[in-house]
Amino acid sequence: MNGNLQLQHFILNEQKKFPYAKGDFTLLLLDIALAGKIISREVNKAGLVEILGLTGKENIQGEQVQKLDEFSNSTIVNILSRNDTVGGCASEEMADPVYFHKHTNAKYCVIFDPLDGSSNIDVNVSIGTIFSIYKLLNDGECTENDFLRKGKEQLASGYIVYGSSTMLVLTTGEGVHGFTLDPSLGEFLLSHPNMKFPEPSKRYYSVNEGNYKYWDKGVQRYVDHLKNDEKPFTLRYIGSLVSDFHRNLIYGGIFFYPLDHKNKEKPKGKLRLMYEANPLSLITKNAGGLSTDGKNEILDIKPEELHQRVPLYIGTKSFVEEAMSFINSEEK
Ligand code: AHM
Ligand code: MG
């Protein structure tokens, strides 16, 4: 395990790149890692809690059993609220941001999806937490404008995948690094330094193909091509973005959730720009991959609202480029 470098040692070294950070950036990332450990513990005993909770939605201590996504959200908000360098946070689970007005030393705000992969939460399939960190526009005050920023302004982003092991994957601007939680130590240890989308690589595609009839012709033609190519791609779809993304980062592949016409008046993508697409796109960029909404690079999109949805094509650069050549071709 690469000399068992612990997350805190790694981040302390990384922090030297940020002239304004005096230990607080390290503490913030460690706070997020702590939330990840707490959520990981809860995810791992979820089945048991469910059994204990069946009798009256109370656990053995007589406490209310919270749903895992609510638990994850409140865990992260509580931990951030104790960190006086955080001015506020926004979550996929909350309609509006939470502002920590007492934090007059605030420098950062955090945007997160506390537990992504909602359809897999109750069935013991890998799920994850996704996060972005931005530097506040003005130290000491956090407003909605701090959140409504392009993805390329992110200072750092990452995800924690709760799988057969728990892993934290992080970028602080350069390079992407993976840390595996050693449950016996309760520590994240560097296990995957300098992660890159491999090229050449496996030819995986990840998409909910059940939506085929709702897609534009170009997307349908692209998926037909993936299956009918001389060397067809292999379909791998878990239905948890973090897990599908993580597999493709390690083996190579493309994940996409296109715009669809399920709602005829309002065709749209499903995934959220701020909570899902942006953080994974920063990782993708720093791992040599590419992400777009079909027209523009995700990191260049100026958000209009916090819960904005986007079509998403993300993964190995050459695969995403090929997808764009089909989607944007003239043929209707
Ligand atoms: P969620 O934020 O409610 O969990 O929704 C996002 C999830 C992603 O993890 C996953 O890629 C996608 O929704 C799956 O959607 P579908 O079930 O339509 O295939
Ligand atoms: Mg989500």
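Just follow the structure's listing: the first ligand is 1, and inside any ligand the first atom is 1. Since we're looking at a predicted model, the values are computed, not measured.
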Ligand 1 contact on [X] by region, counting heavy-atom pairs under 4.0 Å:
| X | result |
| --- | --- |
| Asn208 | side chain |
| Tyr275 | neither |
| Glu92 | side chain |
| Asp113 | side chain |

### Task
Report the C-alpha separation of Thr129 and Tyr162 in whole Å, then their side-chain angles, then the decisive distance to 0.1 Å, and conclude whether the side chain to side chain donor-acceptor pair (under 3.5 Å) test is met.
CA-CA 8 Å; Thr129 297; Tyr162 311 105; 2.7 Å; yes

Within the distance-only criterion (no hydrogens, no angle test), does the side chain of [X] pair as donor or acceptor with the backbone N or O of [Y] below 3.5 angstrom?
| X | Y | answer |
| --- | --- | --- |
| Asp146 | Thr143 | yes |
| Asp293 | Asn296 | yes |
| His177 | Pro193 | no |
| Asp113 | Glu92 | no |
| Asn44 | Ser40 | yes |

Min N/O separation [X] to ligand 1 under 3.5 Å:
| X | value |
| --- | --- |
| Glu276 | yes |
| Leu241 | yes |
| Ser240 | no |
| Val242 | no |
| Ser118 | yes |

So the atoms of ligand 1 within less than 4.0 Å of a heavy atom of Phe255 turn out to be 11 (O)

One finds that the ligand 1 atoms under 4.0 Å from a non-hydrogen atom of Gly117 are 4 (O), 9 (O)

[atom] [closest protein heavy-atom partner, distance rounded to 0.1 Å]:
| atom | answer |
| --- | --- |
| atom 14 (C) of ligand 1 | Tyr237 OH, 3.3 Å |
| atom 18 (O) of ligand 1 | Tyr257 OH, 2.6 Å |
| atom 12 (C) of ligand 1 | Lys270 NZ, 3.8 Å |
| atom 10 (C) of ligand 1 | Gly239 O, 3.3 Å |

If you measure from each heavy atom of Ser119 to ligand 1, is any distance below 4.0 Å? no

Self-check item: Leu271 touching ligand 1 at heavy-atom level, < 4.0 angstrom
Solution: yes

Salt bridge or not between [X] and [Y]? Use side-chain N to carboxylate O under 4.0 Å.
| X | Y | answer |
| --- | --- | --- |
| Asp24 | Lys107 | yes |
| Lys152 | Asp300 | yes |
| Glu209 | Lys227 | yes |

Looking at Asp113, the N, O or S atom sitting nearest the Mg ion (ligand 2) is OD2

Here the N/O/S atom of Glu92 closest to the Mg ion (ligand 2) would be OE1

Ranking Asp69, Val207, Asn120, Asp116 by closest non-hydrogen atom to atom 7 (C) of ligand 1, top hit is Asp116

d(Glu297 CD, Thr284 OG1) to nearest 0.5 Å is 10.5 Å

Problem - Parallel, tilted or perpendicular: rings of Phe10 and Phe179 (30°, 60°) - result: perpendicular

*asked:* One pair to check against side chain to side chain contact (heavy atoms under 4.5 Å, CB included): Thr180 and Thr166. What are the steps and the verdict?
replied: CA-CA 6 Å; Thr180 301; Thr166 293; over 6 Å; no

Would you mind writing out the side-chain donor-acceptor pairs for residues 245-253 within the sub-3.5 Å range, not counting sequence neighbours?
residue : atom : partner : partner atom : Å
His246  : ND1  : Tyr159  : OH           : 2.7
Arg247  : NH1  : Asp244  : OD1          : 3.1
Arg247  : NH2  : Ser206  : OG           : 2.8
Arg247  : NH2  : Arg236  : O            : 3.2
Arg247  : NH2  : Asp244  : OD1          : 3.1
Asn248  : ND2  : Ser206  : OG           : 3.2

Taking the Mg ion (ligand 2) as the apex, Glu276 OE2 and Asp116 OD1 span an angle, rounded to 10°, of 90°

